[in-house]
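Step one of this worksheet: look at the structure below.
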Amino acid sequence: MSDPTESPQAEPAPPASEAADAPARLRELVAERRAAMDALRAQGVEPYPPGGGALDRVGEVRARFEGQGAEATEERAALAPGEDSGEPVRVAGRVVATRGHGRLAFLSLRDGEDELQVMARLDRLGSEGLALVTELHEGDWVRAEGTVARSKRGELSVDADAVTLVGKALRPLPDKWHGVREPETRYRHRELDLAASEQARATVRARAVVLAALRAELDERDYLEVETPLLHPIPGGANATPFVTHHEALDVDLYLRIAPELYLKRLVVGGLPRVYEVGRVFRNEGLSTRHNPEFTMLEAYQAHAGYAEMMELTQALVQRAATALAQAGLREEGLVARLGEVEVDLSGRWPRRPMLDLVAQAVGEPDLDLSDRARLARLCAAHHVPIEERWGPGKLALELYEKLVEPHLREPTFVIDYPVEVSPLARRHPDDPELTQRYELIVAGRELTNGFSELTDPDDQRARFEEQARAKAAGDAEAMPIDEDYLAAMELGLPPTGGLGLGLDRLLMLLLGRESIREVVAFPTLRPRGR
RNA sequence: GGGCCGUUAGCUCACCUGGCAGAGCUCCGGACUUUUAAUCCGGCGGAGCGGGUUCGAGUCCCGCACGGCCCUCCA
């Protein structure tokens, strides 16, 4: 905590909400709430008390009296307007609306997604207790003890014997009807968005549901969940620019991982035949609606499998995630995804189409292979696909595919057999050594997963790394460096292995129909506010 | 990195060709023992930042900051 540069006499900075440069109105609103809090403190009421003690969840109370739960009884369901069940409850939540009525006040209390009305009556609370309720603000956290009753208008309520402030809100909630609209505020202060928007809360839940579904599927298939380093001495496993950081004690630069791939395969080398990892990876690239510099990747490796098995697994994972979200009520039923106007059917077995076939079809050629670079270059020119001199035929074919084919693949499609030139970690195809057993899953024109039969020949791997090193020397900033530790592992023997990588954020976008990755990441990367 | 668009009260939105910036929510004061976006009466509060044009700028021009969308790159 001690900072030698900090003057010991330094005054603590005033709260930002009360700083001189804060908007006047906000200062006022905060000051009013703070005044209410100070008045409570003067009466001996602590505005931030500890929690604890048995609580009834609002959802459980509602289910007991209005639902089909185990506790629901006919007697409870028959509770009439104006009637008190006499059943004591103790609930807690955030005040999301107040309706004062002089000697009576109603509070709407939200606990998770469930709301329950609290009735605060002079008869029952006394003038002091009611005064305390009257002093509450929207956004405050409270605990209410009382009995379950129905108001005269029939609303299920807690007729309160005691209402306790358990967390004062000094800042106002967003508009209770419209919430926060401005994207910047929603992203920078997601807590405001969450407090105001059911959809925002559902999105956070959806991520948890999808993660649980993916883990369940992998666990059932006897995969072991593992963790590998985020700090890499050599960034590898993907073509991307890494973030650099520095370890002080070792005095070495380290890289935030761009992929866990190489470490996971080292675990397979070591004799763990089925492993997976879910975790953050970091790529030092621009921001866009589809790119956050940190994103969540699922990678899975299975010994003695090939890309065919990994495609089967991929399909099972995506379909299971979609089903789990629907069962959780977080998306519509059925294996259908919507992105904007586009509707996509996720059911059935997804087709597998060789990349070169798709390109040939797109350019109107009967067939296409990688033997004639000049021909591919002419095709790029004819279709206005810009190229670079150093690119080989495989890269040219990939460019054609990415520009002419991928954006138009709407239904789930496994694109297979990518050129070896652009797939430095994938096994060569037995039918064509210039191709690999690699696949990508494309849905609605977007890559969701990338996987392959792993390259297991250490000598071929070394040659591929050397090819990458040459590309790096020639100016390709994203080319992979040679990783001797990985090569040493391969020389110990990597069994035939299938691998897959799945971008969780993009899967969520697809399943929830969100056009921007910032909608599925709670706190997306933004440029810090200047100061 | 390039192009287009946006920024008005804490929040959600108005303000037509330049002429005293309005409303709802929130908040404050008052009334109300059955409301549920409670209602009724009264009130506080504002043009992102910096220049310019003009008698006069929220409005026109330039620059900056931040954001959104598209392109580029990746997953």
Side-chain angles (χ1 to χ4, degrees), chain A residues 17 21-33 35-36 81-82 96-109 115-125 130 137-139 149-157 159 169-189 192-193 195-196 238-241 258-259 281-299 386 402-403 440-442 446-451 477-478 501-507 509 515-518 524 526-531:
Chain A
S17 56
D21 59 346
R25 180 58 174 162
L26 181 60
R27 274 210 311 276
E28 241 177 76
L29 291 168
V30 171
E32 282 162 354
R33 287 159 183 258
V96 294
T98 62
R99 296 175 290 280
H101 271 272
R103 273 159 271 181
L104 162 76
F106 298 98
L107 303 176
S108 294
L109 208 65
E115 289 188 20
L116 187 62
Q117 174 167 275
V118 174
M119 281 195 283
R121 298 189 292 142
L122 181 67
D123 307 1
R124 212 153 152 171
L125 285 168
L130 185 63
H137 290 100
E138 291 185 5
R150 278 199 186 279
S151 69
K152 285 184 185 169
R153 292 291 176 87
E155 178 78 14
L156 193 69
S157 309
D159 200 353
L170 293 175
R171 289 173 183 254
L173 286 182
D175 188 287
K176 71 174 97 170
W177 207 234
H178 305 281
V180 185
R181 284 269 178 81
E182 192 182 33
E184 184 174 354
T185 307
R186 292 200 296 114
Y187 301 155
R188 287 190 195 279
H189 288 285
L192 291 173
D193 192 24
N239 292 109
T241 309
I258 56 174
V281 299
F282 306 86
R283 299 191 183 175
N284 205 339
E285 289 153 359
L287 310 173
S288 82
T289 45
R290 294 176 193 69
H291 302 86
N292 201 52
E294 53 177 306
F295 62 97
T296 300
M297 178 104 104
L298 165 68
E299 286 201 8
E402 287 182 348
K403 297 291 186 302
E440 291 190 351
L441 171 62
I442 311 300
R446 300 179 187 179
E447 269 174 66
L448 264 192
T449 71
N450 184 15
E478 298 190 340
L502 183 156
L504 182 81
D505 310 274
R506 290 199 177 164
L507 176 62
M509 288 168 68
E515 298 280 8
S516 172
I517 197 168
R518 294 184 187 127
L526 296 177
R527 184 181 294 277
R529 272 290 189 193
R531 182 148 285 263

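Naming convention: chains lettered A, B, ... in sequence-line order (proteins, then strands); numbering from 1 in each chain.
- Under 4.0 angstrom from either OP1 or OP2 of B/rC13 there lies at least one side-chain N or O belonging to A/R181.
- Proximity of A/R33 to the phosphate of B/rU26: no side-chain N or O atom is located under 4.0 Å from OP1 or OP2.
- At the phosphate of B/rU36, neither OP1 nor OP2 sits under 4.0 Å from any side-chain N or O atom of A/K152.
- The phosphate of B/rA38 (OP1 or OP2) has a side-chain N or O of A/K176 nearer than 4.0 angstrom.
- In this structure, A/R121 does not reach the B/rU34 phosphate: none of its side-chain N or O atoms is under 4.0 Å from OP1 or OP2.
- Checking the phosphate oxygens (OP1, OP2) of B/rG68, no side-chain nitrogen or oxygen of A/R527 falls inside 4.0 Å.
- The phosphate of B/rC70 (OP1 or OP2) has a side-chain N or O of A/T289 nearer than 4.0 angstrom.
- Looking at A/N239, its side chain does come within 3.5 Å of a backbone N or O of A/E478 through a donor-acceptor pair.
- The side chain of A/R25 sits closest to B/rU26 out of B/rU26, B/rG67, B/rC69.
- For B/rG10, the base has no donor-acceptor partner in the side chain of A/D175 [N/O atoms by modelled type, under 3.5 angstrom].
- Across all strands shown, A/R446 has no heavy atoms under 4.0 Å from either base or sugar-phosphate atoms.
- Distances shown here put a side-chain N or O of A/H137 below 4.0 Å from the OP1 or OP2 atom of B/rC28.
- Across all strands shown, A/I517 has heavy atoms under 4.0 Å from base atoms, whether or not it also approaches the sugar-phosphate.
- Residue contacts shown for A/R103 include a base, since a base heavy atom lies under 4.0 Å away.
- Counting non-hydrogen atoms under 4.0 angstrom, A/N292 reaches a base of the nucleic acid.
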